[in-house]
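The next block holds one structure in the form of structure tokens; read it before the comments.
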There are 2 protein chains.
Amino acid sequence: MEAPAYQRIKTWLLSRIEAGEWREGDRIPSEPELARRFKVARMTVNRAVRELAAAHLLVRAPGSGTFVAPPRHEATLVEIRSIADEIRERGGSHSADVRRLGEVRAEKALAAELGVAEGEPLFLSVLLHRADGLPAQLEERWVLPAAAPGYLGQDFTHGTPSEYLMRVAPLARVVYRIEARLPAEATREALALGPGEPCLLLHRCTFSGGRAASVANLWYPGSRYRLTGHL
Amino acid sequence: MEAPAYQRIKTWLLSRIEAGEWREGDRIPSEPELARRFKVARMTVNRAVRELAAAHLLVRAPGSGTFVAPPRHEATLVEIRSIADEIRERGGSHSADVRRLGEVRAEKALAAELGVAEGEPLFLSVLLHRADGLPAQLEERWVLPAAAPGYLGQDFTHGTPSEYLMRVAPLARVVYRIEARLPAEATREALALGPGEPCLLLHRCTFSGGRAASVANLWYPGSRYRLTGHL
DNA sequence: GAGTGGTCTAGACCACAAT
DNA sequence: TTGTGGTCTAGACCACTCC
């Protein structure tokens with residue numbers, strides 16, 4: 001019924017920090033001290049403190065002590081989920097039109113981002129994702145053929161491109177940016193946007209095995225879509 | 001020189017998963033099995049497996065075993081940093097104009113979000129943050145007087161409102177959303193935007209001690225600012 | 001009942017900081 | 001030299017699941 005000792009110690013440490021009793025940079029009691037105070041083995045204290053350090057609430061300095069971490073406050077995390085998941089989670093039904101699926105030659109910026117020569121062949125897919133029939137996201141995706149040779153043979157009305165890529169090329173790293181943009185005319189029409197209506201653009205480059213594998217532009221109607229999260 | 005045992009075990013487990021040797025839902029060897037294989041104590045194996053489970057790469061089921069976790073959604077994390085930090089980190093110099101600092105009455109939506117009655121007094125600050133003199137962010141912030149009684153007496157040209165709030169009201173939780181918006185005329189002028197140019201709007205509500213403490217609208221010029229990150 | 005993970009102990013040796 | 005954290009051991013007891 002009672003919480004584990006390491007959990008009680010975590011809670012106690014957290015409450016001290018939240019109460020402002022220890023401020024940024026302050027040293028907290030050492031492991032042996034805490035072990036005595038809570039009458040537990042040092043390994044138990046170690047687990048509590050190590051987990052708080054992993055969560056960036058404490059900073060450990062071998063040989064000198066454990067300190068309250070600088071408030072990384074202003075650091076906020078946004079979670080961006082698969083569009084299909086997100087729509088279904090809200091009780092909507094997800095569908096997708098494949099508007100384009102074929103091969104193109106890499107333009108300069110794209111080639112640089114993917115680390116290939118200009119003019120190299122790339123697979124391109126353009127999908128319009130819908131939530132209950134309403135346009136929710138336009139997905140433009142360029143894929144390195146070497147990373148997913150079977151890409152063009154997929155049926156992306158069932159299973160999104162990113163779900164397919166996750167299977168065939170387990171991703172190691174993602175780099176992305178979020179921008180507010182006025183969409184091109186074709187994008188505006190696809191998303192059924194009014195004139196002058198802005199888009200959220202999520203641009204994402206995924207890496208697999210140390211090499212870039214795919215680049216995507218995800219266009220969201222600014223008026224009907226938000227990226228949300230909490231910390 | 002050699003990596004710790006728990007780290008070697010983590011790496012080994014990860015490589016098995018990445019190699020596709022174990023797929024989603026597969027059971028991995030038990031702790032005693034791994035301990036024998038690596039000739040270490042079970043506690044050492046436990047740490048390795050526990051850390052991978054905390055990272056959602058494995059799922060543990062007490063009594064039955066440890067399994068490869070379902071492929072992590074399409075989850076991506078965006079880190080949003082303090083504007084002043086971010087500017088300085090890029091080698092720019094941060095400055096801020098205080099455009100407004102005073103008391104207002106809570107309007108309906110705001111009151112609901114902060115959990116107070118409509119018409120309740122709130123502190124309001126409006127700051128224009130600049131990077132090397134160029135407008136980089138317009139910050140509108142509403143603060144519950146109870147959460148930061150000394151708010152109106154601060155000099156926000158040195159030290160941002162959020163830095164001050166972190167000190168006096170250590171935050172417990174943040175809820176936010178990111179939108180693409182066309183700015184109001186006053187915002188457009190403050191950020192020196194062209195007509196029709198969209199903004200990234202980061203809307204954030206912070207909680208301290210279980211109660212809402214402050215709400216902020218952070219307006220970024222869409223053409224000159226991006227939220228970026230990696231995973 | 002046998003096997004699993006969850007937790008904990010009471011020691012230990014080490015590299016490293018401060019002094 | 002003393003104190004710190006980093007790691008590891010070889011046991012232990014428990015609650016739980018599966019057979």
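Protein chains get the first letters and strands the later ones, always in sequence-line order, with residue 1 at the start of each.
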Which is it for B/T160 and B/H94 under the side chain to side chain contact (heavy atoms under 4.5 Å, CB included) test, yes or no, and what are the steps along the way?
CA-CA 10 Å; B/T160 65; B/H94 170 260; 4.2 Å; yes

Let's go through B/R42 and B/R36 carefully: what are the C-alpha distance in whole Å and the side-chain angles of both, what is the deciding distance for side chain to side chain contact (heavy atoms under 4.5 Å, CB included) to 0.1 Å, and is it a yes or a no?
CA-CA 9 Å; B/R42 196 192 130 210; B/R36 280 193 300 274; over 6 Å; no

List the steps and the verdict of side chain to side chain contact (heavy atoms under 4.5 Å, CB included) for B/R141 and B/L165.
CA-CA 11 Å; B/R141 188 178 292 270; B/L165 288 173; 3.7 Å; yes

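B/R37 has no carboxylate O lying under 4.0 Å from a charged side-chain N of B/E33, or vice versa, which leaves the two without a salt bridge. Ion pairing of A/R50 with A/E31 is absent here, as no side-chain N (NZ or NE/NH1/NH2) approaches a carboxylate O to less than 4.0 Å.
First and last contacting nucleotides of DNA chain C toward chain A (any atom under 4.0 angstrom from a heavy atom, 5' to 3' order): C/dT7 to C/dA17.
Under the salt bridge (Lys or Arg N to Asp or Glu O under 4.0 Å) criterion, A/E140 pairs with no residue, sequence neighbours left out. Scanning for side-chain contact (heavy atoms from CB on, under 4.5 Å) contacts around A/S95 gives A/R130, with sequence neighbours left out.
Residues of residues 26-37 of chain A having a heavy atom closer than 4.0 Å to DNA chain C: none are found. Residues from residues 38-52 of chain A that place a heavy atom under 4.0 Å from any atom of DNA chain D, listed by number: A/R42, A/M43, A/N46.
Between B/F123 and B/Y151, the ring planes are parallel. Angles under 30° get that label, and only those over 60° would be called perpendicular.
Put simply, the side chain of B/R8 gets close to the backbone of B/A3: a donor and an acceptor are under 3.5 Å apart.
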Taking Watson-Crick (N1-N3 plus N6-O4 or O6-N4) and G-U wobble (N1-O2, O6-N3), each under 3.5 Å, can you produce the dot-bracket string of DNA chain D? Use [ ] for crossing pairs and | for inter-strand ones.
|.||||||||||||||||.

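Here the closest heavy-atom approach between residue A/A212 and residue A/L114 is recorded as CB-O, 3.7 Å.
The residue among A/A5 and B/G63 whose nearest nucleotide of DNA chain C lies closer to the 5′ end is B/G63. Between B/P62 and A/P4, it is B/P62 whose nearest contact on DNA chain C lies nearer the 5' terminus.
Using modelled atom types and a 3.5 Å distance limit, the side chains of B/E139 and B/H129 yield a donor-acceptor pair.
Partner B/L34 forms a side chain to side chain contact (heavy atoms under 4.5 Å, CB included) with one of B/T66, B/V40, B/V49 and no other, that one being B/V49.
Between A/W22 and A/F67, the gap from one ring centroid to the other reaches at least 6.0 Å.
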